[in-house]
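Residue numbers start at 1 and run along the sequence shown. Computed from a predicted model, the values in this text were never measured in an experiment.
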Amino acid sequence: MVDTGRSWAVSLCRLLLALACWSYGERPANSAEQSAMADDERLSQVLRDRPDDLMLDYFKQLAAELPPEHDVPDSVDAWNERKAALRERLWQSLGRFPLVDRPPLNARITGRIDNGDHVVEKVLYESLPGLYVTALAYVPKQLDGPAPAVICVNGHWAESKTTPLIQKRCMSLARMGVVAFCQDVIGSGERQNFDGAEPTTYHGFYRGAAPRIVDRSLLGYVIYECTRALDYLATREDVDASRVMCTGASGGGKQSMYFPAVDERLAGGIPVCYISSYQAHMGATACVGEIPTGVLRYSNQWEVLALHAPRPLLCINASRDVPVFLPRHMYDTLERTARIYSLYEAEDVVRGAEFDSGHDYNRDMRHLLYRHVARHLLGDEALAVTEPDELPVREASELRVGLPEDTETMQSLTWRRARELSESVSVPESAEAWAQQREPMLARLRELLGPSPDRGACRRRLERTIEHGDVRVEHWVLEPEPGVLVPCALCVPPEASEGRAPAVVVVDEDGKQRAFERGLVDELVGSGVVVLAIDYRGAGETSDTVPRIQYGPAAPEYNLSNYSLFVGRDLNGMRVLDVRCAIDLLFTRREVDREQIALAGRGRGAFVSVLAAAFDDRVKGVIAEELLSSWIFEEEFVDIGLSMLVPGIVTVADMPHLIALLCPRRALVLNPVDGRRRAVEVGASRDVNGFAIATYRLFDAAGQLDHAAHESEAAPAVITEWLTSSP
């Protein structure tokens, strides 16, 4: 076991003793050589001509090949069959929500504002037990009976329901005799939960990505709460629930596409500044709530919009918008959607329109909305509606509904659900019981990570060989699949050429250069270990080959993670392939003892290393440095990387269960961290890993699983000692 209480001096003595006794030969560490190796940038730089869009081009190619094409059905009956399957699959991507027997809303009015010809009602209700929604209803004063309604869904505007252009839209609809309803989208407006900070533009980030780890998603919450808005309107005597549409721009346009697609009660949708194709998103920066997980494996936007048929559909895009939302994408999509509408002989109710505008829902766009509503909800095509120049736009403070302090949030619900799922995994009573439990767990992990190409198709090429003193450094490029380059530095110590030596694949989240800089490669090579330091895809030399996120908090691998969600192949699963291809390379080397191959990962690289070892019994040891200790985390996640929030991961396993998959092989959990990248003490780490410890004991292998905490500067020596000492 690694002694976590020893001093650095004691650690060094034990390291030297272990090296002196090491069966693969003696090689005293040469600190001068090691420093020179770390400082020589030639040793870690493999690619001399790297395409700037390497990973972007890869994702574009994947997206271009998806989804599997579906012929347009030749009858309404045939479409209905496809429609049912598509809607079910869409909800599977969005997450598990109570679509049948939904919980009571417990709605109440907390205040009213008189706007002259209409009243603004402040509405509070629960979409899930304890999860409160704040909303506004704009109700005309003069109604002859139940009126049609329009749900004005919010995009990413910080003020949400109180955004001036949304207020104007709602007031103008009310002046037409239509009830307008707008709620604060979860995470925005009154529901930001930023501890009293000023509202900010909401794109999800870690808070929005967190529900992925259980069986929900930010987009799922958003669309589910759209259905709850309609549930609420259906309870009102002044609303005709059969005549309700929805509209919004940007993120609201997204909702206006999905909401009518999953809820046939709506009379139609008007998405603005959103309709495109999922392929066009490759190259854009999307909100984490834009993506139904794996959607490109089964559908595209044209077919999602076809779920609206035969209800009226109006799509509006802007000619000066960002590239992903340009009108040409919308028109291409609607051309295919119209084929489904033709089955109903309803081509005349699906149309697209473009305006000379930036990303907006401006007055001209709103005028088109009013005419559409007059025609399809009021039945009056001749009704001329002009939005007044002056409307009583109010301050956000005047329109506050009053969110209860004890409201649930996405994070509180995620934490509770994750804890429940983790506790449902029983500790095995015997080694045989664990074997039966382990295989289904691995099978489910493979499903979550997505399909992976055959490793046998991986191409390898040797770029160059560098002699650095008595160490041979070979630069290799692996191509696990077309378009993906994995640069590797294979460092062979002199004694390894005389016999079979232990080997380690170094998987640093920041790439192999970081492993050189921190001295890890020096320590290992100086101890006679063959080192293969790699840049798995999107890291090191292939980092920054997709567009960088331009707003919000820093989120490592933001677009890499989002693009992988679109194509239904988790980024970690892709990187597991890279690591296993690196192990294949080691298996070709005569210097390497195949029974002594280990993985040394740091941060997100540690997680990938644990997964790779779980799938690959050739790995005999794993060092997991700065590994997330658990996804059961009550606070909001920060700084761990969005790729760590794997969709559905806790429905299969928490981190301690994944570590148990390594049993009875050696494993070292070094300097673990929590969900905000803070250090976790050794005692707490052992407590969290109770499941893994108990599993190791079933195999009389308790000594094979170690936990340790050291200063980061000492980690390379600790890792080397652990690898080169007897268990």
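- One N or O on the side chain of His475 and one on the backbone of Leu43 form a donor-acceptor pair closer than 3.5 Å.
- Side-chain contact of Tyr361 with Thr247: a donor-acceptor pair under 3.5 Å is present, judged by distance alone.
- In this structure, Tyr331 has its ring center no closer than 6.0 Å to that of Trp302.
- Side-chain contact check for Gln513 and Gln45: at least one donor-acceptor pair (N or O, by modelled atom type) lies under 3.5 Å.
- At least one donor-acceptor pair under 3.5 Å links the side chain of Asp674 to the backbone N or O of Arg677.
- In the model, Asn300 has no side-chain atom that pairs as donor or acceptor with a side-chain atom of Ser277 under 3.5 Å.
- In plain terms, the two heavy atoms of Tyr278 and Ser299 that are nearest each other are CD1-O, 4.1 Å.
- Listed by chain and number, the residues in a ring-ring contact (aromatic ring centres under 6.0 Å, His included) with Tyr224 are Phe97 (sequence neighbours excluded).
- Under the 4.5 Å side-chain criterion, counting only non-hydrogen atoms from C-beta, Ser256 is in contact with Val153.
- Checked against side-chain contact (heavy atoms from CB on, under 4.5 Å), Pro51 has the following partners two or more places apart in sequence or in another chain: Leu54.
- A 6.0 Å sphere centred on CD of Glu463 holds more than 12 heavy atoms belonging to other residues, nucleotides or ligands.
- Shown here are the ring-ring contact (aromatic ring centres under 6.0 Å, His included) partners of His359, two or more places apart in sequence or in another chain: Phe325.
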Would you give me the side-chain donor-acceptor pairs under 3.5 Å for residues 89-96, sequence neighbours excluded?
residue	atom	partner	partner atom	Å
Ser93	OG	Arg89	O	3.4
Ser93	OG	Thr293	O	3.0
Ser93	OG	Tyr298	OH	2.8

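- Proximity of a side-chain donor or acceptor of Tyr563 to a complementary backbone N or O of Ala284 within less than 3.5 Å is detected.
- For the 3.5 Å distance criterion, the side chains of Asp215 and Thr651 fail to qualify, holding no donor opposite an acceptor.
- With 3.5 Å as the limit, one finds no donor-acceptor pair spanning the side chains of Thr227 and Asp263.
- Between Leu662 and Ala613, the shortest heavy-atom distance links the atoms CD2-CB, 3.5 Å.
- Under the rule for a side-chain contact (heavy atoms from CB on, under 4.5 Å), Asp454 has no partner lying at least two apart in sequence or in another chain.
- There is a side-chain donor-acceptor pair under 3.5 Å between Trp476 and Glu474.
- Between Val324 and His329 the shortest heavy-atom distance is O-CD2, 3.5 Å.
- Looking at heavy atoms from C-beta onward, Ser319 lies out of side-chain contact with Leu326 at the 4.5 angstrom threshold.
- A salt bridge links Glu541 with Lys512; the closest basic N to acidic carboxylate O contact falls under 4.0 Å.
- The closest side-chain heavy-atom distance from Val673 to Leu627 is not below 4.5 Å.
- The shortest distance between side-chain heavy atoms of Leu585 and Leu532 falls below 4.5 Å.
- Contacts classified as salt bridge (charged side-chain N to carboxylate O under 4.0 Å, His left out) and involving residues 327-339 (residues at least two apart or in different chains) are given here: Glu69-Arg336.
- A heavy-atom distance below 4.5 Å is found between the side chains of His657 and Asp654.
- Within a 6.0 Å sphere centred on CZ of Arg676, heavy atoms belonging to other residues, nucleotides or ligands number more than 12.
- Legend: salt bridge (charged side-chain N to carboxylate O under 4.0 Å, His left out) pairs involving residues 281-296, not counting sequence neighbours: none detected.
- More than 12 heavy-atom neighbours from other residues, nucleotides or ligands sit within 6.0 angstrom of CZ on Arg48.
- Between Trp79 and Leu307, some side-chain heavy-atom pair lies under the 4.5 Å cut-off.
- Under the rule for a ring-ring contact (aromatic ring centres under 6.0 Å, His included), His308 has no partner lying at least two apart in sequence or in another chain.
- Take Ser561 and apply the side-chain contact (heavy atoms from CB on, under 4.5 Å) test, not counting sequence neighbours, and it matches Arg212, Leu642.
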Report the C-alpha separation of Arg569 and Glu481 in whole Å, then their side-chain angles, then the decisive distance to 0.1 Å, and conclude whether the salt bridge (Lys or Arg N to Asp or Glu O under 4.0 Å) test is met.
CA-CA 13 Å; Arg569 287 184 57 195; Glu481 52 188 304; 2.9 Å; yes
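- Contacts of Leu66 classified as side-chain contact (heavy atoms from CB on, under 4.5 Å), with partners at least two apart in sequence or in another chain: Leu296, Arg297, Val567.
- Annotation: salt bridge (charged side-chain N to carboxylate O under 4.0 Å, His left out) contacts involving residues 599-616, sequence neighbours excluded, comprise Asp508-Arg602, Glu509-Arg602, Glu509-Arg604, Asp510-Arg602, Glu557-Arg604, Arg580-Asp616, Arg602-Glu626, Asp616-Arg618.
- Both the sub-6.0 Å distance and the 45° axial angle are not jointly satisfied by Arg446 relative to the ring of Phe615.
- Across all non-hydrogen atoms, the minimal contact from Ala318 to Met365 is CB-CE, 4.0 Å.
- Remark: side-chain polar atoms of Arg207 are paired, donor with acceptor, to backbone N or O of Gln192 under 3.5 angstrom.
- A search for ring-ring contact (aromatic ring centres under 6.0 Å, His included) contacts involving Phe637 returns Phe633, not counting sequence neighbours.
- Taking CE of Met644 as the reference point, atom CG of Leu571 lies at 11.5 Å (rounded to 0.5 Å).
- Using a 4.5 Å heavy-atom threshold, the side chains of Thr333 and Thr337 count as touching.
- A centroid separation of less than 6.0 Å is found between the aromatic rings of Phe205 and Tyr558.
- For the residue pair Pro480 and Val484, the shortest heavy atom distance occurs at CD-O, 3.5 Å.
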